Amino acid sequence: MKPGECSLGNRLPVGGNGNKFEFPPQQGEDPWKECMDTAVQLALRAGQVVKKALTEEKRVSTKTSAVDLVTETDHLVEDLIISALREKFPSHRFIGEESTSAGSKCVLTDCPTWIIDPIDGTCNFVHRFPPVAVSIGFAVNRELEFGVIYHCTNGNMYTGRKGHGAFCNKERLRVTQEKAIRNALILTEIGPKRDPETLKLFLGNMEKLLTFQAHGIRVIGSATLALCLVASGAADAYYQYGLHCWDLAAATVIIREAGGTVIDTSGGPLDLMSCRVVAAGTMELAQSIAQELQTIDYGRDDN
Ligand SMILES: O=P(O)(O)O[C@H]1[C@H](O)[C@@H](O)[C@H](O)[C@H](O)[C@@H]1O
Ligand SMILES: [Mg+2]
Ligand SMILES: [Mg+2]
């Protein structure tokens with residue numbers, strides 16, 4: 001099998017260039033429902049492991065900086081999720097935060113691909129600060145199909161499926177319709193770089209939005225849960241430099257299905273691998289924030 005090609009087990013792609021997935025239209029079939037149901041069950045199972053480990057002693061290591069933390073639970077949970085999915089869907093591909101950190105290629109092809117953050121909010125997890133999540137996103141033909149984000153401490157299960165809406169548990173999610181920075185509650189995250197230039201840019205971006213009389217800016221320590229709060233209408237927008245595709249994949253589907261928009265900090269379309277994002281209930285607010293931000297370069301996930 002050449003890179004980018006993948007077999008569908010007993011179902012071959014129909015037509016196309018052989019690399020795209022085009023299923024024969026089968027009445028009533030919902031090709032990815034089984035995958036999403038599996039993701040929900042796995043997020044729940046993994047979330048129980050995280051919740052139990054939260055109050056226990058932890059061995060903490062660092063990755064790209066002294067504040068970019070990882071624990072044995074991050075690795076254990078990612079292995080749990082990926083091994084279960086690989087057994088059930090052997091032809092699928094996987095992008096995991098800790099596998100990538102260990103050297104696996106972070107490349108999105110047309111193949112059905114799972115994009116996983118085993119613990120989003122590891123710093124919170126280490127400090128026993130509650131916002132901690134398991135995030136499982138899923139893409140086919142480079143299109144995000146669904147996202148599942150489980151809040152490990154309060155038990156909220158956020159789900160979103162392309163064309164099927166977004167939910168927190170059984171409650172439908174809707175974003176706000178706020179268009180102006182001056183009335184907005186905005187969320188962000190700091191990112192792992194702490195050099196003086198980065199800090200100056202990070203604080204400068206906050207200062208710019210506050211001079212536009214934003215009602216407030218909040219940092220909760222989990223990009224995925226912050227994005228879920230935007231999808232829930234509990235905040236109006238989110239922006240960040242320094243997050244990754246595994247922070248973005250599931251949450252992007254959830255926000256879009258809640259009626260929101262997720263774009264690049266340049267104001268253009270979202271680039272999942274660009275380590276940057278602006279998300280909001282309205283395109284007007286997203287664009288207004290994007291045009292005020294100074295870029296902080298964090299490279300790309302797929303470099
Ligand atoms: O490493 P985890 O999975 O905990 O993800 C967090 C990143 O580490 C932060 O840099 C980033 O700023 C966000 O807080 C993101 O949630
Ligand atoms: Mg993580
Ligand atoms: Mg994360």
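Both counts, for ligands and for their atoms, begin at 1 and track the order of listing. This structure is a prediction, so every number in the text was calculated from the model and none was measured.
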**Report entry** Selected option - heavy-atom contact closest to atom 16 (O) of ligand 1, from Val70, Leu227, Asp120, Asp68
**Finding:** Asp120
Report task. Below 4.0 angstrom from a heavy atom of Gly191, which ligand 1 atoms are there? Numbered from 1 as shown, please. Result -> 10 (O), 12 (O)
Query raised in the report: Between the side chains of His151 and Thr153, does any donor sit under 3.5 Å from an acceptor?
Result: yes
Query raised in the report: Between Leu69 and ligand 1, is there a nitrogen or oxygen pair with a distance under 3.5 Å?
Result: no
Requested in this report: List the closest protein heavy-atom neighbour of atom 1 (O) of ligand 1: residue, atom name, distance to the nearest 0.1 Å.
Outcome: Glu97 OE2, 3.2 Å
Report task. Run the numbers for me: atoms of ligand 1, each under 4.0 Å from some heavy atom of Thr122, listed by number. Result -> 4 (O)
Query raised in the report: Can you tell me how far CZ of Arg300 sits from CZ of Arg276, rounded to the nearest 0.5 angstrom?
Result: 8.5 Å
Query - Polar contact flag for Asp117 and ligand 1 (N/O pairs, less than 3.5 Å) - result: yes
Query raised in the report: Would you say Gln240 touches ligand 1, if touching means a heavy atom closer than 4.0 Å?
Result: yes
Query raised in the report: Counting each atom of ligand 1 from 1 as listed, which ones have a heavy atom of Gly221 under 4.0 Å away?
Result: 14 (O)
Query raised in the report: So, Lys200 and Glu207, do they make that salt bridge, N to O below 4.0 Å?
Result: no
Query raised in the report: Starting from atom 14 (O) of ligand 1, which protein heavy atom do you reach first, and at what distance in Å?
Result: Glu189 OE1, 3.0 Å
Report task. Using the side-chain hydrogen bond (donor to acceptor under 3.5 Å, both in side chains) rule, pick out the option among Asp74, Asp117, Asp68 that qualifies with Thr122. Result -> Asp74
Query raised in the report: Any ion pair linking Arg182 and Glu292 (charged N to carboxylate O, less than 4.0 Å)?
Result: no
Requested in this report: Check whether any heavy atom of Leu243 sits under 4.0 Å from an atom of ligand 1.
Outcome: no
Query raised in the report: What is the closest protein heavy atom to atom 10 (O) of ligand 1, and at what distance does it sit?
Result: Pro192 CD, 3.4 Å
Query raised in the report: Can you tell me if Ser135 and Asp120 form a side-chain donor-acceptor pair at under 3.5 Å?
Result: no
Report task. Note the single closest protein heavy atom to atom 7 (C) of ligand 1, along with its residue, its atom name and the distance in Å. Result -> Asp247 OD2, 4.8 Å
Requested in this report: Can you sort out which atoms of ligand 1 are near Ser222, meaning under 4.0 Å from one of its heavy atoms?
Outcome: 16 (O)
Requested in this report: Check the side chains of Ser65 and Lys193 for a donor-acceptor pair under 3.5 angstrom, ignoring hydrogens and angles.
Outcome: no
Query raised in the report: With only distance considered, is Cys123 within less than 3.5 Å of ligand 1 through an N or O on each side?
Result: no
Requested in this report: Output yes when a side-chain donor or acceptor of Asp301 lies under 3.5 Å from a complementary backbone atom of Cys245, and no otherwise.
Outcome: yes
Requested in this report: Would you check if the side chain of Thr198 reaches a backbone N or O of Arg194 as a donor-acceptor pair within less than 3.5 Å?
Outcome: no
Query raised in the report: Thr282 and Glu178: side-chain donor and acceptor closer than 3.5 Å?
Result: no
Report task. Not counting sequence neighbours, which residues clear salt bridge (Lys or Arg N to Asp or Glu O under 4.0 Å) with Arg256? List them please. Result -> none
Report task. Assess whether side-chain contact (heavy atoms from CB on, under 4.5 Å) is satisfied between Phe212 and Ser288, documenting all intermediate values. Result -> CA-CA 10 Å; Phe212 274 80; Ser288 301; over 6 Å; no
Report summary line: For the Mg ion (ligand 2), protein N, O or S atoms at a distance below 2.8 Å amount to 3
Query raised in the report: Are the aromatic rings of Phe138 and His92 close, with centres under 6.0 Å apart?
Result: yes
